[in-house]
Colleague: 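Would you mind keeping the following structure in view while I ask a few things?
Positions are given from 1, in the same order as the sequence printed here.
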Amino acid sequence: MLFDRVPPHDDDAEMAVLGGMLMSKDAIGEVSQMIDISDFYQPKHQTIYEAIVTLFSASQPVDAVLVANELLKSGDLEKVGGTDYLHSLVASVPTAANATYYAEIVHQRAILRNVIAAGTKIAQLGYSAEGSQAEDIVNLAQAEVYEMSVGRVRQDYEAIGPVVHDTLDQLDKLQNGDMERGVPTGFKSIDDVTQGLQPGQMIVVAGRPAMGKSTLGIDFARAAALHNNMTTVVFSLEMSKNELAQRIISAETDIPLVALRRADDITPERWNTLNTFWSRLQDAPLFLDDSPNMSLMEIRAKCRRLKQTNDLKLVVIDYLQLMTSGKRVESRQQEVSDFSRALKLLAKELEVPVVALSQLNRGPEMRNDKKPMLSDLRESGSIEQDADVVFLVHRPDFYDKEDRPGEADIILAKHRNGPTDTFKLAFLGEKSKFKDMPQDYQQGGV
């Protein structure tokens, strides 16, 4: 019977870790990077570890006597076995040098306990679920295992003090220019306002068909993966991998898209350019996936895997309304709402920005200026609600060839953590990319 067994733990290793920490400050610094309080199996060891770390964090000296005082103050000294037990910990290790070796043993045992707990939880989920919830259960099970393999302990709540401290810290870094910017979009004007695409955010790029939303999504992916070496995955439900590759080649080499579809147009000079591009691209961390009928569950599983193996930094999905859930749902609107919610949760879980492209309804066509608005997001108000950032793509020359030809407005219609704005970019359709406008450009007809 499984539950009659004692969960994996090693008391001797736990004692040796604490003994080493009581002997050496260096050991405390090393060990506290490796293990967490919950890695200890014995409650009394958790209490002692916490007291040691508390003293160390307050820049106090640490030894058996001072830790005993600390425990006396909190009323825990007797619970852990008194001063004698603390001294016996120090006596149990010949040298503090092995503390990290023992800490690794403690950590490994804790992981095994987590495996058992997760397995038990997954088994319970399986028994208590209805048949129709099978896919949800698989997703919960995956999330549970992912959480464990990353080795992060899920913390549900935290006191306001440390949270405010971290927030002020962030503000300080922002002021000093030390703030790590998010994933660059490749457009200076957009990056200045958004500080890049931030981890945990869901970013929606929306537009009517043929406006260039896929192009903008690919531009973001190119900037991240090819120009900043950040692992990026593009799930394309609309285009094949080859079409995507052609667009990327055209945008990067400035060889027009039509030429890549006609062999005669590729001159020796262009072949030279293509070969140079190929050698530069060989190790680029850009992944393309054009699996048909891609379900949400597959997307999540693939993203989790890339996060573990390649340190995923950006996800692009083209486009939201083409995803399937594989489940019977009351309405299409409900289904799209579920997708948008799930993508936001995925962004938070993996701590990466998720860029979801989305269709707009026919609203803009009914207006005189044809300008899209946030309310035009098709099939679901919840996309608007879940998104942290919404970019609307608008090209006036699509409706009237004389109206600002070659220009595009990227309207930042929603920005949860900052100002909204409209960015003017140049649209190079034949090379499948947007570009920053030249600085000295005089806007015509504005």
Side-chain angles (χ1 to χ4, degrees), residues 2-58 60 62-64 67 70-71 74 76 79-81 85-86 88-123 140-158 162 166 304-312 349-351:
L2 177 71
F3 299 108
D4 288 349
R5 298 199 195 148
V6 177
H9 66 285
D10 186 329
D11 283 348
D12 293 339
E14 289 188 11
M15 290 170 74
V17 168
L18 294 172
M21 292 171 86
L22 288 170
M23 287 168 73
S24 150
K25 255 195 160 161
D26 293 342
I28 302 174
E30 291 281 320
V31 169
S32 57
Q33 295 296 310
M34 293 171 63
I35 58 177
D36 200 67
I37 184 166
S38 57
D39 286 355
F40 289 94
Y41 178 71
Q42 298 292 355
K44 62 179 176 185
H45 293 159
Q46 290 188 352
T47 309
I48 295 167
Y49 176 79
E50 192 172 19
I52 293 173
V53 171
T54 306
L55 283 172
F56 181 70
S57 307
Q60 301 288 324
V62 178
D63 61 30
V67 171
E70 184 68 21
L71 290 167
S74 59
D76 290 326
K79 287 185 210 160
V80 302
Y85 188 67
L86 292 174
S88 73
L89 290 176
V90 179
S92 72
V93 269
T95 162
N98 299 338
T100 52
Y101 168 74
Y102 292 118
E104 185 55 35
I105 295 173
V106 171
H107 184 58
Q108 293 299 330
R109 295 290 191 280
I111 290 176
L112 292 176
R113 293 199 300 278
N114 288 344
V115 170
I116 293 166
T120 310
K121 188 171 175 182
I122 291 167
L140 281 167
Q142 278 184 339
E144 202 67 43
V145 174
Y146 170 77
E147 193 91 26
M148 195 170 58
S149 55
V150 175
R152 245 195 261 128
V153 180
R154 195 191 288 155
Q155 189 167 348
D156 299 331
Y157 46 77
E158 198 173 341
D166 292 349
R304 283 177 184 133
R305 195 158 66 233
L306 277 171
K307 180 73 179 175
Q308 285 171 303
T309 55
N310 293 68
D311 190 20
L312 181 64
E349 178 190 334
L350 299 184
E351 291 178 356

Colleague: Cut-off 3.5 Å, side chains only: do Q46 and E50 have a donor facing an acceptor?
Modeller: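 Side chains of Q46 and E50: no pair found under 3.5 Å.
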
Colleague: What distance separates L55 CG from I28 CD1, expressed to the nearest 0.5 Å?
Modeller: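 It is 8.0 Å, given to the nearest 0.5 Å.
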
Colleague: Once you round to the nearest 0.5 Å, how far does CD of Q308 lie from CZ of R304?
Modeller: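 Taking CD in Q308 and CZ in R304, the distance rounds to 9.5 Å.
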
Colleague: Kindly compute the distance separating CG (L312) from CZ (R305), expressed to the nearest 0.5 Å.
Modeller: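 If I round to the nearest 0.5 Å, the distance is 12.0 Å.
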
Colleague: Taking all atoms of both residues into account, what is the closest heavy-atom pair of I35 and H107, and its distance?
Modeller: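 Taking every non-hydrogen atom into account, CG2-CB, 3.6 Å.
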
Colleague: Which value, rounded to the nearest 0.5 Å, describes the distance between E104 atom CD and D39 atom CG?
Modeller: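 If I round to the nearest 0.5 Å, the distance is 10.0 Å.
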
Colleague: Output the distance between atom OG (S38) and atom CZ (R113), rounded to the nearest 0.5 Å.
Modeller: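 It comes to 8.0 Å.
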
Colleague: For M23 and V93, which heavy atoms make the closest approach, and how far apart are they?
Modeller: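 Result for this residue pair: SD-CG2, 3.7 Å.
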
Colleague: For residues 7-21, please give each side-chain donor-acceptor pair under 3.5 Å, one per line with the distance, not counting sequence neighbours.
Modeller:
unit_1: H9; atom_1: ND1; unit_2: P7; atom_2: O; d: 2.9
unit_1: D10; atom_1: OD1; unit_2: D12; atom_2: N; d: 3.1
unit_1: D10; atom_1: OD1; unit_2: A13; atom_2: N; d: 3.0
unit_1: D11; atom_1: OD1; unit_2: Q42; atom_2: NE2; d: 3.0
unit_1: D11; atom_1: OD2; unit_2: Q42; atom_2: NE2; d: 3.2
unit_1: E14; atom_1: OE1; unit_2: Q42; atom_2: N; d: 3.4
unit_1: E14; atom_1: OE1; unit_2: H45; atom_2: ND1; d: 2.7
unit_1: E14; atom_1: OE2; unit_2: Y41; atom_2: N; d: 2.7

Colleague: Go through the structure and list residues passing ring pair (Phe, Tyr, Trp, His ring centres under 6.0 Å) with Y102, not counting sequence neighbours.
Modeller: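 Here no residue qualifies.
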
Colleague: Ignoring hydrogens, what is the shortest heavy-atom contact between V31 and A99? Give both atom names and the distance.
Modeller: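 The answer is CG2-CB, 4.0 Å.
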
Colleague: Mind running side chain to side chain contact (heavy atoms under 4.5 Å, CB included) on T54 and E70 for me, showing each step along the way?
Modeller: CA-CA 9 Å; T54 306; E70 184 68 21; 4.1 Å; yes

Colleague: Do L86 and L71 make a side-chain contact, defined as non-hydrogen atoms from C-beta onward lying under 4.5 Å apart?
Modeller: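 In contact.
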
Colleague: Nearest 0.5 Å, please: how far is CG in D63 from CD1 in I52?
Modeller: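 Those atoms lie 10.5 Å apart.
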
Colleague: Taking Y85 for the side chain and K44 for the main chain, is one N or O donor matched with an acceptor at less than 3.5 Å?
Modeller: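 Here the side-chain-to-backbone pair does not exist.
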
